[in-house]
Structure formats: C-alpha cells, structure tokens
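Notes follow once the structure below has been shown.
Letters A, B, ... are given to chains in the order of the sequence lines, protein chains preceding strands, and every chain is numbered from 1. From a predicted model like this one, the values you see are computed outputs, not experimental measurements.
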Amino acid sequence: MTTERFDPASADTRWQAAWDEARVFEADSDSGKPKSFVLEMFPYPSGRIHIGHVRNYTMGDVLARYKRMTGHEVLHPMGWDAFGMPAENAAMEKGVHPGGWTRANIATMKAQLKRLGFALDWSRELATCEPDYYGHEQALFLALYEAGLVYRKESEVNWDPVDMTVLANEQVIDGKGWRSGAPVERRKLAQWFLKITDFAEELLEGLGKLEDWPDKVRLMQENWIGKSTGLEFSFELIHPSPSGEGTGVGPVGGTCPPPTPPPDGGGVLNRPGYYTPAPQVLCARFVAIAPDHPVAQGVAARNCDAAKFIEQCKRGGTTAAELETAEKLGFDTGIGAKHPFTGAHLPVFIANFVLMDYGTGAIMAVPGHDQRDFEFATKYRLPIPRVVAASVADADRPFAGEAESGDGVIVNSNFLDGMAVEDAKREVIARLEGEGRGRGKTVWRLRDWGVSRQRYWGTPIPFIHCQTCGVVPVPRDRLPVVLPEDVDFQTPGNPLDRHPTWKHVDCPACDGKGQRETDTLDTFVDSSWYFLRFASQPADRPFDPAEVAKWLPVEQYIGGIEHAILHLLYARFWTRALAHIGMIEVKEPFASLFTQGMVTHETYYTTKVVEVRGEGETEFRPMTVLDQLYSPAEVNRSAEGATLIADGRALEIGAKIKMSKSKKNVVDPDTIVARYGADAVRWFMLSDSPPERDLPWSEAGIEGCWRFVQRLWRLFGQYEPAARGVDQALDRKHHQTVAAVAQDIEALAFNKAVARIYELTSAVEKAAPSASRSAAIRTLALLAAPMMPHLAEEAWTRMGQQGLVSQANWPAVNPALLVEDEVTIALQHMGKLRDTVTAPKGASKDDLEALALGNEKLQRSIAGAAVKKVIVVPDRLVNVVA
RNA sequence: GCCCCUGUGGCGGAAUUGGUAGACGCGCUCGACUCAAAAUCGAGUUUCGCAAGAAGUGCCCGUUCGAGUCGGGCCAGGGGCACCA
C-alpha cells in the first residue's frame, strides 16, 4: 500500500528520461505494423508555449499514445513554422537578429513541450527557417515554375508612403500605418503568383470526398472557392458628345481642365468582358466598373476628375472587409452602354466596390437584389426596378429600404416574365449564345495565390533578374539561395533590397550582371509541405516519395479553426500540384481534420468614472470606463469575487475571452506545470469542454484535476494482485468503460472519455476487494496512460507490471460484459413522464404495454380516460395516448 | 458588409441522433475526521412548492403520441474575409 502523494516534480522528469532512453516515440517506417500519422499544426516560435498549444498538442498526444497502444506504428512529429513577421518586429524593436531570436525561442519552447511529456518523435524535428528546409522549398517552387504553375503579375499592396514599405493587413490600423500613422495607399507591384485557380474545380470536388473533415470547414472552403455560373458578353459602348462626358458625380475636389474628347470609334473603350449573373441582364439600370478597369483608365487619361476619383479609390486598405464596409462611391463616366436586348443606354460608373480581380472587373448592376448596388443606386438616385418577386402579381411592390435577395419569379423583364430565376438564367444564356453575342461562363471567387513578400525573414524566391535574359531561375545546383546574416533593420523597407552585396550576382544564363529577386515567400508556402518532410528527410531532395507513400495522408490533423481556409486550402493545393507534376501520389494531405477551440480566461480590471460629452450633446455626463487590467497572477480569485493581492482591492470580473497579452488574461504553462505537474495540466486540457469548443481556464478547475491525480494515485496503491473473488457488476462497468473510452478517444471526444474514467474510478473505490477490483485498477492505469502518462508509468511500475505502460497493449474487452440484462423503461402519459420501471432487456411490446397499463402512477394520471393509442419503444419507453 | 458557428443549472458540459433533460466535473451547503486547518470521506445541490405536483434546454411559431434534437422567423455571443500565424 502506498500512502505518500504522487510527486510530479520527480516522476515527470524521470519518465521523460526513460522514454528518451528507450526511444519509444521514434517512428520506424519499416515496421510491419499499420501506420498512423498523427499531426498537430506546428507552432510559430513566438517566444513561449501558449496554453492553446498545450491543448492542441495534448489532444494529438492522447490520440498518438492510444494508437501506439492499439498496435499502430505511430508518426507524431514536431517542428517550427519559423519564418514570419514577429521576428522582424523583434529585430526592429530590440535590435536582435531575427535568426537568433527565432532559434532562442525554439530552444525555450522545445524545453517547455518536453516538460509536458508529449510523445513526439524529436528525431524528425525541423524548422522552416533553416536552409536544409527552405532550400528544398526553393527546389519545389522551381519545379512548379517549370510546370507553368508560377507566374508574375502586377498586384496591389498596402503601401506606407512615409516608411516607404509594404504593410501587412494587421499593420494597417484604421487605414493608417502602424508606425508612421500615415494614411495607407494601395500601390501596384510586380509579384509572384501560384496558379491555384487551375485547381479550383479539383479543390472544390475534392472537398466532397473529405468526409472526416468538419462540415463547417468544407463549407467555408466551398464558399471561398466560390464557383458561380453567369454570363459574359460585351456591351457596345456609346460615347456622348464631349460636353456630356464625365459629369463627375463622384466627390472630387480641385480644379481640372475640360476633358479631352475620346478617340474615334471608341478604341480601347469598346472592349469585351462584362460579367453578370445572367437573369438580371434585362433589368440592369447601370454598369459599374473597377477603378483599375481599362475603360476607367481610358477615361482617366482624358479626364482629370476621373483620374482624381480613381486616386481617391486607392486610399484605404486592401481587405475585402474594408472595401465592403466603406461608403459606396461612384463616378459617372458619361459613357453609355447599349443594352443587349432593349437597346437602352445604361450609364457606366467607375465604382469603388467593384473588384478587378473578380470576373471581368465590370458588372451590370441589379440594385433591387444586391445590397451594394442598392446602396449605390440610392446614393446616386438611380432607378431601382423590381426583377424578382414572390409572384407576377407582386411585380410592382416597392422595396422596404433594402435589397431583396430571396428567390421567386422574374418580373418586369420582357420575355423572361414569370420564369423561375434558374430557368431565366438558362434562357438568357441560350439567347445570347444563339446570337453569338456572349457565352455562359463559370467564374470563381478564388484568386491566384500571391506569394511575394517584401520582407527579409522568409524563404528567398530563387530567381535572378537579368537585363538581357529577363527573369531567370537559379540553377538547382546553386540552391539553396541562403539569406544573408548581416542585415540592417534600423532603416525601413526590405533589408534584402538594401543589402550592399547579396543581390548582386551574375546571370546564370548569360553571365552578365544580374540581381537576385529580393521578395521572399509567403510563410503559408512553408506550411504547405512540412508534413511531407516529416515522412522522410533526405539531404539531397525535399522528400523520399516512397516514405511519403507509406505515411501520407495524415490520419488525423489537429489545429485551430482560424486555419480553416487559408493554410488548409494552400496545403491541399500544394499537395495536388506536386501530385500533378508526378512528385508524389497522394492528392489530399489530411484524411481527417479536427479543429479545436481556444482556451479562454476571465479578465480582471478596475474601472474609473470619466466625464464625457457625446456628439451633439451640450452637457458632460459621467461614464464608467475600464481603468486598468490585472493578470491572474496578481489576483486572488474566490467564489465571492476577485481581489488584488497587493492591497485587497475588489476587482471587476470580465468576460471569458481568448487569452492574449493585451487583455492580461494569460496563464503561463510553465508556472502551472511547475505547481501541479504535467499530468494535472493535461487532464485539465481534456476535461469538461468538448474539444471543438472553447475551454475556460480556471484556478478551481486545475485544483480539481490535481486532486484527481492524487485520488487515482491512492487507488493505484490499493492494487492487490492476490485478491480473490468475482464482482460481476464491477466487471461489467470495467469492460463497458474500456469500450466507451476507446470509442470516445477515436472520436476525439476527450471530455466524454474523462467522464467515463471518473465513473469507473468511483465504482472501483466503492467496491470491496476482489480479483475484479484489482483487474479494474490495473485497467485504470492503462486507460490513464494516454492522458496522464507519468502517473500511469509510476503506477504501472509500482504494481509490478513489466515494461513501460506507454508500450503496453490497450486492455481487451469481453463483449459479453457490455450488455445489460435489465433496462429502465420510462412510462409516459401524453409524452409526460409518470414513472419508471425495470424490465428484462428485449421484453416484448405486449409485455411492456401490459406492464405500463398495470402501473398505478400511470393509471392515476390517465384517470379513466379512454386509451386511444399506446406507443411502445422496446427497451426505452411506453407512451399512452389518452 | 459577406460567409460560417454557438446558445442547456451558479459554472464547464452530458443526453445511444426524435424517446426518462441535467451523466461527469467544478463550485456551494450540511455532516464525519481534527485541538484547529489542510487533505480525505459521506449526504445534498434546475426553479417554484411543506407536499402532491407544475414549469424548464436564448426568444416566438410550427411538425409530432413525444422536440435540447426537425422546420420557419427573430435575438445574443464568437470566428473567417486572401500580407498575423
């Protein structure tokens, strides 16, 4: 009998060393066992492990350990998504080198992960910032280039005109640069793109087969790819007299010379390429084009007001959210577009909400049935006709202040009247195709993947610009193109571009003077193939296809929902592209995906009262606002509330929100591991909240986990191998629990598995000593092994069992013990519960009905009313309708 | 603005997918042990009600013998929106 407490401080390190010594978690790709690749999204080495990482990696760890216990050869690796902006920010703020900063963070975080006892194969560790990783990435990029999947084109970036640098979206705050505070402009740069749109159809179709992905993620990707069918055709453009052009509805300041008349015949203005969802073609009342559409550019060339308007559209950020929430602005070009059916002249506007990247950059506006068009038409007093109505009789019903997007029949549209929207679509396309004036066209919301970043800390794009040869790929034998170490972050802009020597090289084609490409790759490229590198790490090529074939696809991928679209879509694309050029066989990298929730925590703060005066108010009035935030370490939290440890002041308790430094509600994993041990922390991560939902961190919760660790430890101490006697009820509970926990772990329903283990623990504690009880105690150690591995190892050894519990087999289940012989039957009257009775399992419907009708409480409820119907659900309930 | 998700006791949640709502844990209350505390053990804990009973899964309406679960309409909170990772 063991009576002392379980001491994680000594057990944790002892067992971690034992696992390392025995190389338990190194994957053997040549073993004959079925293979299982369990992968969690690798972390960005930001400094320290975050509690969210702990949750993510604990889930993967339980699955990996469980798989090993059920006879699988498990690959469970870890690496570092080591390129990215924070390293450059640290360089600018603290004067440290991004590489040094990143590598120091990796060392810290690796030690933290080790202290949590994760069953990781560290022999396959990789960091994307090392040349032995990104060099292979450069080779893959060149392979895609040779396959025609890489190209250059002009694209917009956020430009900070003061710092003379490109800004990431997160560096743009309220339309201003985060450092300079200067209004951000949109500027065009030549950039590198990957042809993900070539794979749009494949990526969409592939989603249908990813049955073990959350529906939510599949739907988000489907919407992102955004397939839609419409109509592409040309308008004939009609140029008015010079005086009519450019009435300048847009709010344009300053003075301008009168516009120049257009060249004869319209020239560039009469180009094809208008895209519209088909059925609305007859009700179009105006045409809107993107500010960078060639027609708009043509107008601007001759009309200074138009040019100014286009300039104005370039202010502000590049994100969809900003574009769509900004005020809808337009500029009337004065040009008319001739309607293909009615011949009506539609005004052509330059509009700030039309995107050049989507469709053809021009739309026929349908103000009645698109909110953006509605707002625009209202602002510029354009007609808003109804084209879709509930019925033909409803054709002239006015709009209630907003667009109507519902389904219905077409009205006010000539030969389409009365048709369903889908039918009308087909009819319009057929007519225009018949007349040779247009064609049905599939358009995609998905755009090509821009991978250029004007930054230092990323994979150099392996190309050389030569004045005579143009853009030339770096020959394979000169890879990797290694980042220079001596860089300066004190001046703004891209350090690679400013480096005195790095970019000056000879052209590989003509030996003349050339310049290296100074853009680096988007870090999403790094994370698009790391799972392939985990399967094998040859020095001379990115991966060994035979090893990839053995391990891929990843059996279970686990990570945050925030990656639902970009990372996961890019990784799917990259994998398909490599399959397309014959480098690998597998097309979908992740067979099953799980997206876990965040870890949240309360916030603690004091408030203060300030005097405020709102717009249009004359009086100041008092208002309570947040004064100061306090971190959990500074706070004494009890059931009564929260007080400040320093002076006992009462604090306000705020909402449970995602842990973040700015809210000061962060809990450091190291601190809690030091206090409670790895197992209690792991147990907390798995308990209570379903893994896909948010997990609220609480001091009381981790205390409870700590107590359970000790409670199990005491129970393990009661293991008596010599005990005799059978406890059938306990045997049943024992085997039912093993089966249920296995099922729950496989479904990643860890919170349910935890509840089952609690139940079995309570049952064993209450049972009298017997062989059954000892067997159940031994099984509890095995059930705990994936979740609380240090405690389980310690107990396993104390119980005199051979070897490591990490390498033991999952307990076998006797199916005969899974079924109960008695069941509880609910007795209902009109669906309301009146009593419950026990009956033999599998009792006949007649027996159950007789049992119910003979029940006193049920009879009292029926109170002599005529029984109309009796519904019997075998083994569950009897419902009397009376 | 657009797309997506979530809502059940004081709290986290469970409910064999249309069949006994609240398993399990936290917290709290009472009791045992203790000089006392901690730890541990036992009992209780949706609300109203002495009870019988009634109400109850964000709100409203519907389908059904029966709705947390299905349908329609709202409300609230959260995530994503292409250079944060």
Side-chain angles (χ1 to χ4, degrees), chain A residues 5 41-44 46 81 83-86 89 157-158 166-172 196 214-217 219-220 222-224 226 318-326 328 353 357 371-372 375 445-455 522-524 526-527 560-567 569-570 595 597-598 600 638-639 655-658 687-690 692-696 698 700-705 707-708 710-711 714 749 751-752 754-759 762 765 824-836 868-871 873 876-882:
Chain A
R5 301 180 114 206
M41 291 178 186
F42 65 166
Y44 177 78
S46 56
D81 189 11
F83 275 139
M85 234 171 32
N89 292 341
V157 293
N158 296 311
V166 176
L167 298 177
N169 285 335
E170 72 160 10
Q171 296 174 317
V172 179
I196 190 172
D215 289 341
K216 170 167 62 166
V217 174
L219 187 63
M220 283 164 86
E222 188 181 320
N223 289 336
W224 186 259
T318 56
T319 70
E322 280 174 301
L323 293 176
E324 286 180 36
T325 50
K328 310 289 175 285
F353 61 92
D357 291 323
Q371 187 58 29
R372 288 166 303 182
E375 285 172 31
R445 212 187 73 95
L446 182 69
R447 308 198 300 259
D448 275 336
W449 177 13
V451 293
S452 277
R453 296 294 180 270
Q454 294 70 34
R455 291 185 217 297
D522 180 5
T523 56
F524 276 125
D526 308 337
S527 53
I561 184 69
E562 66 274 20
H563 293 293
I565 299 175
L566 294 183
H567 162 58
L569 191 65
Y570 291 148
T595 54
M598 302 178 299
T600 61
S638 71
K656 289 168 185 157
I657 52 174
K658 181 178 179 171
S687 302
D688 290 357
S689 286
E692 69 277 10
R693 284 216 222 149
D694 289 351
L695 170 69
S698 81
I702 184 69
E703 292 277 357
C705 292
R707 285 199 299 271
F708 183 65
Q710 297 303 337
R711 188 175 149 202
R714 285 191 301 274
N751 58 321
K752 293 197 234 172
V754 162
R756 304 279 189 188
I757 292 175
Y758 273 118
E759 284 183 43
S762 295
E765 283 171 341
T824 307
I825 304 292
L827 303 182
Q828 299 180 336
H829 174 213
M830 302 295 284
K832 286 190 187 292
L833 184 72
R834 288 298 172 246
D835 202 1
T836 57
K868 290 184 203 136
K869 198 170 164 190
V870 179
I871 290 144
V873 182
R876 298 213 65 91
L877 63 77
V878 181
N879 185 16
V880 177
V881 184

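Rounded to whole Å, the separation between the P atoms of B:G79 and B:C30 comes to 40 Å. Comparing B:G10 with B:U20, their C1' atoms are spaced 25 Å from each other, to the whole Å. A distance of about 23 Å separates the P atoms of B:C5 and B:G9, rounded to the whole Å. Taking atom P in both B:C26 and B:A39, one finds a spacing of 12 Å when rounded to whole Å. The same atom, C1', is picked in B:C83 and in B:G78; the two are 24 Å apart, to the nearest Å. When the P atom is used for both B:C61 and B:G80, the distance is 36 Å, rounded to whole Å. B:C41 and B:C48 have their P atoms separated by 30 Å, with the value rounded to a whole Å. Spacing of C1' atoms, B:G58 relative to B:G66, comes out at 23 Å, to the nearest Å.
Considering only heavy atoms from C-beta on, A:Phe708 stays 4.5 Å or farther from A:Val754 through its side chain. No side-chain heavy atom of A:Leu695 sits less than 4.5 Å from a side-chain heavy atom of A:Met598. A:Arg834 is not listed as a side-chain neighbour of A:Val880, based on a closest heavy-atom distance of 4.5 Å or more.
A:Asn879 places no side-chain N or O within donor-acceptor distance of the main-chain N or O of A:Leu827, the cut-off being under 3.5 Å. A:Ser698 places a side-chain N or O within 3.5 Å of a backbone atom of A:Gly701 that can act as its donor or acceptor partner. A donor-acceptor pair under 3.5 Å is absent between the side-chain atoms of A:Asn158 and the main chain of A:Val166, judged by distance alone.
Across all strands, A:Phe708 comes closer than 4.0 Å to no nucleic acid atom at all (heavy-atom distances). Residue A:Arg834 is in sugar-phosphate contact alone, with no base atom involved, counting any heavy-atom pair closer than 4.0 Å across all strands shown. Contacts of A:Trp224 with the nucleic acid, taken as non-hydrogen atoms under 4.0 Å apart, include base atoms. Residue-level contact check: A:Ser698 touches neither bases nor backbone, having no heavy atom under 4.0 Å from any strand. Among the heavy atoms of the strands lying under 4.0 Å from A:Ala700 are primed sugar atoms or P, OP1, OP2 only; no base atom is included. Using a 4.0 Å heavy-atom criterion, one finds that A:Pro690 contacts the sugar-phosphate atoms exclusively. Residue-level contact check: A:Ser689 touches the backbone only, with heavy atoms under 4.0 Å from sugar-phosphate atoms and none from bases. Nucleic acid contact for A:Thr824: base, since at least one base atom lies under 4.0 Å from a heavy atom of the residue. Heavy atoms of A:Val166 sit under 4.0 angstrom from at least one base atom. Nucleic acid contact for A:Lys832: sugar-phosphate only, since backbone atoms but no base atoms lie under 4.0 Å from a heavy atom of the residue. Contact annotation for A:His567: no contact, since no heavy-atom pair falls under 4.0 Å across all strands.
One finds the CG atom of A:Leu569 at 6.5 Å from the CG atom of A:Leu446 (value rounded to the nearest 0.5 Å). Considering NZ of A:Lys216 and CD1 of A:Ile561, their distance stands at 4.0 Å, rounded to 0.5 Å. Considering CE of A:Met85 and CZ of A:Arg453, their distance stands at 10.0 Å, rounded to 0.5 Å. Rounded to the nearest 0.5 Å, atoms CG (A:Asp215) and CD (A:Glu222) are 10.5 Å apart. To the nearest 0.5 Å, atoms NZ (A:Lys869) and CE (A:Met830) are separated by 11.0 Å.
Computed from coordinates, the A:Met41 CE to B:C84 P distance equals 17 Å when rounded to whole Å. Taking atom CD of residue A:Gln710 and atom P of nucleotide B:C41, one finds them 12 Å apart after rounding to whole Å. Following rounding to the nearest Å, A:Leu833 (CG) and B:A55 (C1') show an atom-to-atom distance of 15 Å. Between the P atom of B:C81 and the CD atom of A:Glu170 lies a distance of 11 Å, rounded to the nearest Å. Nucleotide B:G12 holds its P atom 12 Å from the CG atom of A:Leu695, rounded to whole Å. A:Asn751 has its CG atom 8 Å from the C1' atom of B:A14, to the nearest Å. Atom P of nucleotide B:G77 and atom CD1 of A:Ile561 are separated by 21 Å, given to the nearest angstrom. A:Asp688 places its CG atom 10 Å from the P atom of B:A14, with the value rounded to the nearest Å.
Distances shorter than 4.0 Å separate none of the side-chain N or O atoms of A:Ser687 from OP1 or OP2 on B:G25. The phosphate of B:C83 has OP1 or OP2 within less than 4.0 Å of a side-chain N or O from A:Arg453. A:Arg707 has a side-chain polar atom (N or O) that falls below the 4.0 Å cut-off from OP1 or OP2 of B:G27. Distances shown here put a side-chain N or O of A:Lys752 below 4.0 Å from the OP1 or OP2 atom of B:A15.
A glycosidic torsion no more than 90° from 0 defines the syn conformation, and B:U17 adopts it. In this structure, B:G9 shows a glycosidic angle within 90 degrees of zero, which is the syn conformation.
Remark: B:G7 base-pairs with B:C75; criterion is Watson-Crick or G-U wobble with both hydrogen-bond distances under 3.5 Å. Pairing partner, B:U40: B:A32, with both Watson-Crick or wobble hydrogen-bond distances short of 3.5 Å. Pairing for B:G1 is with B:C81, a Watson-Crick or G-U wobble pair whose two hydrogen-bonding atom distances lie under 3.5 Å. Pairing partner, B:C48: B:G53, with both Watson-Crick or wobble hydrogen-bond distances short of 3.5 Å.
The side chain of A:Leu446 lies closest to B:A82 when the candidates are B:U20, B:C41, B:A82.
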Strictly under 3.5 Å: I want the nitrogen or oxygen pairs between protein and nucleotides 62-71 of chain B, one per line.
| residue | atom | partner | partner atom | Å |
| --- | --- | --- | --- | --- |
| B:C65 | O2 | A:Asn879 | ND2 | 2.4 |

Every protein N/O within reach of nucleotides 3-6 of chain B N/O, cut-off under 3.5 Å:
| residue | atom | partner | partner atom | Å |
| --- | --- | --- | --- | --- |
| B:C3 | O3' | A:Asn223 | ND2 | 3.3 |
| B:C3 | O2' | A:Asn223 | ND2 | 2.6 |

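Between A:Arg711 and A:Tyr44, the residue whose closest nucleotide on RNA chain B is further toward the 5' end is A:Arg711. For the pair A:Glu759 and A:Gly701, nearest-nucleotide mapping onto RNA chain B gives the more 5' position to A:Glu759.
Take A:Trp449 and apply the ring-ring contact (aromatic ring centres under 6.0 Å, His included) test, not counting sequence neighbours, and it matches A:Tyr570.
Donor-acceptor pairing under 3.5 Å, judged by distance alone, is present between the side chain of A:Gln454 and the base of B:C83.
In this structure, A:Phe524 and A:His563 have perpendicular ring planes: the angle between them is above 60°, well past the 30° mark.
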